[in-house]
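All remarks here apply to the structure that follows.
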Amino acid sequence: MVSADAEIKAALHTALQHAQQAGELPAGELLAEIPLERPKDETLGDLATPISMQLARILRLAPIQIAETLVRHMPVLESIAELQAVRPGYINMRYRAEWLTNQIEAILSAPEHFGEVSLGEGRSVQVEFVSANPTGPLHIGAARNAVLGDTVARVLEAAGYRVEREYYVNDAGSRVRMFGETLYARYAQALGVDAEMPADGYMGAYMVEMGSAIVAEAGRQYLEMERSQAVADLGREGLRRVVADIESDLALMGIHYNRWFSEASLYHDGTYDTAIAILERGGYLEQHDGALWFKASAFGVNKDEVVVRSDGTPGYFASDIAYHYDKFVLRGFDRVIDVWGADHQGHVPRMHAMLQGLGIDPQRLTILLYQLVTLKRSGEIVRLSKRTGDIITLREVLSEVGSDAVRFFLLARDANSQMDFDLDLAKEQSDANPVFYVQYAHARTCSILRHATDIDYSAGDLALLTEPAEQTLMRRMIRLPDVVRLAAQNLEPHHLTYYAQELASALHAFYRDCRVVNLEPGTEAITAARLKLVAACRIALARTLVLMGMSAPEVM
RNA sequence: GCCCCAGUAGCUCAGCGGAUAGAGCAUCUGCCUUCUAAGCAGUCGGCCACAGGUUCGAUUCCUGUCUGGGGCGCCA
């Protein structure tokens, strides 16, 4: 699809040069970047540039005078029909009708690609998200991570990146041992043995259930082997089950990973040793107080970080070093995005320092932080704790609220802003819910098209669509690529939710103002044109919903 | 004490240095014999937390203050 923006910016540049050569504008430095914006008020125009205001000081002329001069020198454009210099000094522009309808035709000729932009140019990016400890079911707090990560991945795919989704399975370390101990106790209890729960064990009911389930399948065999062996084996078996549950929970939200990466594998295949040796060679490791430290202070970070504890076991940072060495060096991703809750925010500088220590450009790693979600039920904040078992699981919420609503709600806010997720509200909101508003618009387009199954509208002439509602709808539709670009550039998928509502709104207004399927004689041409528009709009709505990971129902 | 995020309509929140600051919900008022009323139209509602600064121009950038959340472990 032709980029109107690029064409216009180039033309403004040309106009400026011509005006200067003609002596109508004084010589002066040109702006590095030509600003182009979409007026908030759609009646002002489709695009506008405040360039004259920025040039006013450099050229020592009134903005409006510069704007008028530039308009006179603008070359003829494929995308723009009229230019107008107005009030403070804006140049407002309106799309050429033919260009606009061509964009709509383009949607119909490549439906599955509508909204795609070439930003990534085939570069590879790994998005690692959720990665919650596999010691219990996912709780609702993980959902924001899941939605953010998966939607960023979808947006980046649409923006031309080669994307891989990954879940980092923390299957090494002390928590996993504790998990095994807990499961051993629950397993033994299920067999009537009076086993004691470890002091810091996982108290949730799911451990009890898992203990019983393993008894049902495997009998007493773990009681008959050596205890430490049984704890290890049960831990591994329990982990396998929890990971399987996590996988199916996320699948319920349409989230599928390319890879489930084992933390423990980093220590078995030599990755850890290799990565640590690089830091050692660089002189970034230091032994003191019985532990091995990474000298983040060598990179201007205020605190060092423990790599190997004084008891000889590697800490989580040791794994992070090896894991990111694997991501960047062994697998060679151009970019990596780690999605983290804001409670881990303090570690970001040390992650970048560590990459520098490994000789990797830290700019290749983006740590996408999101503020934590507080969960409300009946107006009260619900505390979350895996240890006490007082949790609300993602699965519960999904069955109560549904994947589409969970995704939309969690996506609709900037990751940087805190949010309350009110369970009662999410459940109650059925018809007043923006989720249904958008999906209903899609269902409505399908409904219209069902009424026209006998009509061949392939030759419909979009030039006939001159009603304001038709014009507005077309303009909203072709904005999707801009939204994708914005969301991909800033890693801000929440823009999609606002766009979706605006697009749906335009469709509903069109439905009110313009009768589509009309069987009266003499209306064939306009009916065909409108059907074509509706068909294209259905694609735009469906693509938007798909980008948000939501379903696009044909009937509601 | 130091670091990070936020403070915009009654509520939940958008707003990439530019025009009269927007949406949904809530309030109030209209609109279904015609392609789905899960819809549409209208109404009410704002010292953009506060104080300075930079700028032709600040809700947006900078500094400080206040308020809320998160962090400052040989936890992850």
Side-chain angles (χ1 to χ4, degrees), chain A residues 35-41 44 48-51 53-57 62-63 86-90 92 131-133 170 173-175 289-293 302-303 305-317 319-320 340-349 369-372 374 409 412-420 422 425 429-441 443-452 469 482 485-486 489-490 492 494-495 497-499 501-502 504-505 507-519 527 530-531 534 553 555-556:
Chain A
L36 200 60
E37 60 188 47
R38 199 172 305 282
K40 279 180 264 188
D41 183 349
L44 290 172
T49 177
I51 186 174
M53 264 115 51
Q54 296 179 1
L55 287 169
R57 188 160 49 123
V86 295
R87 249 200 312 173
Y90 284 98
N92 291 341
S131 301
N133 277 326
N170 299 112
S174 58
R175 293 219 174 166
D289 297 330
L292 182 67
W293 297 74
N302 54 352
K303 289 188 68 180
E305 184 84 31
V306 167
V307 179
V308 180
R309 303 185 191 97
S310 50
D311 68 1
T313 60
Y316 81 93
F317 195 67
S319 301
D320 274 340
W340 288 4
D343 53 339
H344 293 79
Q345 148 273 126
H347 297 280
V348 172
L369 297 170
Y370 61 92
Q371 297 297 314
L372 300 182
T374 54
F409 270 73
R413 288 155 181 83
D414 186 322
N416 282 328
S417 59
Q418 298 163 220
M419 63 177 295
D420 294 337
D422 191 320
L425 201 72
Q429 275 192 332
S430 47
D431 30 342
N433 196 317
V435 177
F436 299 115
Y437 182 80
V438 175
Q439 291 181 323
Y440 182 60
R444 203 166 223 183
T445 58
C446 295
S447 170
I448 295 169
L449 294 171
R450 273 195 299 275
H451 278 267
D482 292 341
R485 188 179 295 107
L486 178 67
Q489 249 162 3
N490 301 343
E492 290 175 347
H494 70 275
H495 294 297
T497 62
Y498 291 89
Y499 171 73
Q501 291 177 85
E502 285 167 15
S505 171
L507 185 272
H508 290 311
F510 161 77
Y511 180 85
R512 175 202 63 213
D513 289 345
C514 303
R515 175 79 202 180
V516 178
V517 180
N518 197 330
L519 299 176
T527 291
R530 284 177 176 165
L531 281 169
V534 169
V555 181
M556 284 178 76

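Here is how names work: the chains are called A, B, and so on, in the same order as the sequence lines, proteins then strands, and each is numbered from 1.
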Checklist entry - Does a distance-only test, which skips hydrogens and angles, find a donor-acceptor pair under 3.5 Å between the side chain of N92(A) and the base of A19(B)? => result yes
Checklist entry - Across the strands shown, which category fits A441(A) at heavy-atom distances under 4.0 angstrom: base, sugar-phosphate, nothing? => result nothing
Item to check | Contact nearer the 5' end of RNA chain B, comparing Y511(A) with L369(A) | outcome: L369(A)
Checklist entry - V438(A) and A504(A): which non-hydrogen atoms are nearest, and at how many Å? => result CA-CB, 4.0 Å
Checklist entry - With a non-hydrogen cut-off below 4.0 angstrom, is A48(A) in contact with a base, only sugar-phosphate, or nothing? => result base
Checklist entry - Distance-only, no hydrogens or angles: does the T49(A) side chain make a donor-acceptor pair with backbone N or O of L36(A) under 3.5 Å? => result no
Item to check | Contact check, side chains of Y316(A) and N170(A), non-hydrogen atoms, under 4.5 Å | outcome: no
Item to check | Distance below 4.0 Å between Y437(A) side-chain N/O and C40(B) OP1 or OP2 | outcome: yes
Item to check | Length of the CD-P vector between Q345(A) and A6(B), whole Å | outcome: 12 Å
Checklist entry - Hey, does the side chain of R515(A) reach the backbone of V517(A) with a donor-acceptor pair shorter than 3.5 angstrom? => result yes
Next on the checklist: Classify H494(A) by what it touches in the nucleic acid, base, sugar-phosphate, or nothing, heavy-atom distance under 4.0 Å.
Outcome noted: sugar-phosphate
Next on the checklist: Under 4.0 Å, heavy atoms only, any strand: does N518(A) hit a base, just the sugar-phosphate, or nothing?
Outcome noted: nothing
Item to check | Presence of K303(A) side-chain N/O under 4.0 Å of G73(B) phosphate oxygens OP1/OP2 | outcome: yes
Next on the checklist: Base, sugar-phosphate or nothing for Y316(A)? Non-hydrogen atoms, less than 4.0 Å.
Outcome noted: base
Checklist entry - Given atom CZ of F510(A) and atom C1' of A41(B), what is their separation to the nearest angstrom? => result 18 Å
Item to check | Where the chi angle of C32(B) falls, syn if within 90° of 0 and anti if not | outcome: syn
Checklist entry - Say you pick atom C1' in U8(B) and the same atom in G15(B); how far apart are they, in whole Å? => result 9 Å
Checklist entry - Given the C1' atoms of G68(B) and C74(B), what is the spacing between them in whole Å? => result 33 Å
Checklist entry - For atom P, what is the distance between G45(B) and C28(B), given to the nearest Å? => result 16 Å
Item to check | R512(A) side-chain N/O to A41(B) phosphate OP1/OP2 under 4.0 Å | outcome: yes
Next on the checklist: Please give the distance between the P atoms of C40(B) and U20(B) as a whole number of Å.
Outcome noted: 29 Å
Item to check | C1' gap between C3(B) and C48(B), integer Å | outcome: 26 Å
Item to check | Sub-4.5 Å side-chain heavy-atom contact between Y511(A) and I448(A) | outcome: yes
Next on the checklist: Using the P atom as the point on both nucleotides, what is the distance between A6(B) and G24(B), in whole Å?
Outcome noted: 25 Å
Checklist entry - For the pair made of CZ in R38(A) and P in A19(B), what is the distance, rounded to whole Å? => result 16 Å
Checklist entry - Counting any heavy atom closer than 4.0 Å, what does P39(A) reach on the DNA or RNA strands: base, sugar-phosphate only, or nothing? => result base
Next on the checklist: Using a heavy-atom cut-off of 4.0 Å across all strands, would you classify C446(A) as base, sugar-phosphate, or nothing?
Outcome noted: nothing
Checklist entry - Base, sugar-phosphate, or nothing: which does A56(A) touch, judged by heavy atoms less than 4.0 Å apart? => result nothing
Checklist outcome for this item: In whole angstroms, the gap separating P of G22(B) from NE2 of H495(A) amounts to 19 Å
Checklist entry - Is there side-chain contact between N518(A) and R530(A), with at least one heavy-atom pair below 4.5 Å? => result no
Item to check | Pairwise C1' distance for U54(B) and C62(B), with rounding to whole Å | outcome: 7 Å
Checklist entry - What is the nucleic acid contact for S310(A), judged by heavy atoms within less than 4.0 Å: base, sugar-phosphate only, or nothing? => result base
Checklist entry - Is the distance from OP1 or OP2 of A14(B) to the nearest side-chain N or O of S417(A) less than 4.0 Å? => result yes
Next on the checklist: What's the gap between C2(B) and G17(B) when it is taken at their C1' atoms, as a whole Å value?
Outcome noted: 31 Å
Checklist entry - Which is true for V307(A) with a 4.0 Å heavy-atom rule: it touches a base, it touches only sugar-phosphate, or it touches nothing? => result nothing
Next on the checklist: Under 4.0 Å, counting only non-hydrogen atoms across every strand here, what does Q489(A) touch: a base, just sugar-phosphate, or nothing?
Outcome noted: nothing
Checklist entry - If you look at every strand shown and take non-hydrogen atoms under 4.0 Å, does F317(A) touch a base, only sugar-phosphate, or nothing? => result nothing
Next on the checklist: Just verifying a value: how many Å separate L531(A) CG and H451(A) NE2, rounded to the nearest 0.5 Å?
Outcome noted: 11.5 Å
Item to check | Length of the CZ-P vector between F436(A) and A37(B), whole Å | outcome: 17 Å
Checklist entry - With a 3.5 Å cut-off and just heavy-atom distances, do the side chain of Q418(A) and the base of G68(B) make a donor-acceptor pair? => result yes
Checklist entry - When all nucleic acid strands are considered with a 4.0 Å heavy-atom cut-off, which category describes P88(A): base, sugar-phosphate, or nothing? => result nothing
